[in-house]
Amino acid sequence: MACGQKEMVERTDGKAAEGEWCVYRIPTTIRAAIAHGINVPPEFKDKAVVDTLEKAIVNEWYADKTEEVRRLGMGRLLDDLSRKMQHKANHGAQDPLKVLIHSTHDTALAALCSTLDVFDEQWPAFTASITFELFKKAAVTPQRAADASFSQIVLSNFKSRPVPEFYIRMRYQNKNMILPACAEKGKHLPGSPEFCTLAAFGERVKELTPTDFESECTPAGRFGI
């Protein structure tokens, strides 16, 4: 049933309800009904049926993985996130922001995962969520040698202090996501690839951020004709 078509749908209370329906709304409706103890047709409890339906929907929505789709779909959201994370890293306690919560749809969750190349090609579960966490690795100051001279100690105080390192970890449905954009050496915490450096994350987000959204969103596109 194509999106936008008006259909008469039989509700759970036996009454008919007229409205616009899209195929992708079926699994969402079914999952919400099951979560609230509402009976659904047995076919929608058949894994084979549900898997086939979800595969078709995922392909319809997320088969296009071009940079254009990524930029126009999730670019501005990621840019806002990256800027807030960087501001927090730069200003620390002077920035009062501790938690930022966005309420969104399953379609946006899947799109965000697809944009960052960690989508599992499965429709998001009921109450699914994504979190981005900012971590600070405290800088370690080298210990002075016991036999260091007075002049060496004084000069060491004028040297630049170690700079703390910042990392971002993405979690989807309570699982750590290893971002391909941070896979290279130096772009993640050694031994823990799920911790992406804030710099590497920012670089990828910059590539995904439209410089002029309205212009890029026109039929001519980003590169014009």
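Keep in mind that the numbers below use all heavy atoms, side chains included, and drop hydrogens, waters and symmetry copies.
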Sorted by first residue and then second, give each side chain to side chain donor-acceptor pair (under 3.5 Å) pair with at least one member in residues 185-204; sequence neighbours left out. Glu67-Arg204, Arg204-Glu207
Hydrophobic cluster mates of Phe126, side-chain heavy atoms under 4.5 angstrom, ILVMFWY only, any path? none
What residues join Leu72 in its hydrophobic cluster, counting side-chain heavy atom gaps under 4.5 Å, either direct or through other members? Phe213
Suppose we screen for ring pair (Phe, Tyr, Trp, His ring centres under 6.0 Å). Which residues come up paired with Phe135, at least two apart in sequence or across chains? Phe195
Could you work out, with ring pair (Phe, Tyr, Trp, His ring centres under 6.0 Å) as the rule, every residue matching Phe119, not counting sequence neighbours? Tyr62
Partners meeting side-chain hydrogen bond (donor to acceptor under 3.5 Å, both in side chains) with Glu60 (sequence neighbours left out): none
Find the distance between [atom1] ([X]) and [atom2] ([Y]) and round it off to the nearest 0.5 Å.
X      : Y      : atom1 : atom2 : result
Phe132 : Leu112 : CZ    : CG    : 4.5 Å
Thr28  : Ile57  : OG1   : CD1   : 7.5 Å
Thr131 : Asn176 : OG1   : CG    : 8.5 Å
Trp123 : Trp61  : CH2   : CH2   : 6.0 Å
Thr52  : Glu54  : OG1   : CD    : 10.0 Å
Met177 : Arg169 : CE    : CZ    : 11.0 Å

Show every donor-acceptor pair shorter than 3.5 Å between a side-chain atom in residues 77-85 and any protein atom, with sequence neighbours excluded, or say none if there are none.
unit_1: Asp79; atom_1: OD1; unit_2: Arg83; atom_2: NE; d: 3.2
unit_1: Asp79; atom_1: OD2; unit_2: Arg83; atom_2: NE; d: 2.9
unit_1: Asp80; atom_1: OD1; unit_2: Lys84; atom_2: NZ; d: 2.6
unit_1: Asp80; atom_1: OD2; unit_2: Lys84; atom_2: NZ; d: 3.0

Heavy-atom side-chain contact between [X] and [Y] under 4.5 Å:
X      : Y      : answer
Asp212 : Cys217 : no
Leu53  : Pro27  : yes
Thr211 : Glu216 : yes

May I have all residue pairs that pass disulfide (SG to SG under 2.5 Å) and include part of residues 23-55, sequence neighbours excluded? none
What residues form a disulfide bond (SG atoms under 2.5 Å apart) with Cys182, not counting sequence neighbours? Cys196
The side chain to side chain contact (heavy atoms under 4.5 Å, CB included) partners of Asn174 (sequence neighbours excluded) come to Arg171
Could you list the residues that satisfy side chain to side chain contact (heavy atoms under 4.5 Å, CB included) with Thr104, not counting sequence neighbours? Ala108, Leu109
Backbone N or O of [Y] within a donor-acceptor pair of the [X] side chain at under 3.5 Å?
X      : Y      : value
Arg70  : Lys65  : yes
Gln173 : Ala125 : yes
Ser114 : Ala110 : no

Could you state whether [X] and [Y] fall into the same hydrophobic cluster, counting links through intermediate Ile, Leu, Val, Met, Phe, Trp or Tyr residues with side-chain heavy atoms under 4.5 angstrom apart?
X      : Y      : result
Ile178 : Leu134 : no
Tyr172 : Phe201 : yes
Val118 : Ile168 : yes

Residue pair Ala89 / Leu198: nearest heavy atoms and the distance that separates them: CB-CD2, 3.7 Å
Please tabulate, one pair per line, all N/O donor-acceptor pairs under 3.5 Å involving side-chain atoms of residues 92-100, not counting sequence neighbours.
unit_1: Asp95; atom_1: OD1; unit_2: Leu97; atom_2: N; d: 3.0
unit_1: Asp95; atom_1: OD2; unit_2: His87; atom_2: ND1; d: 2.9

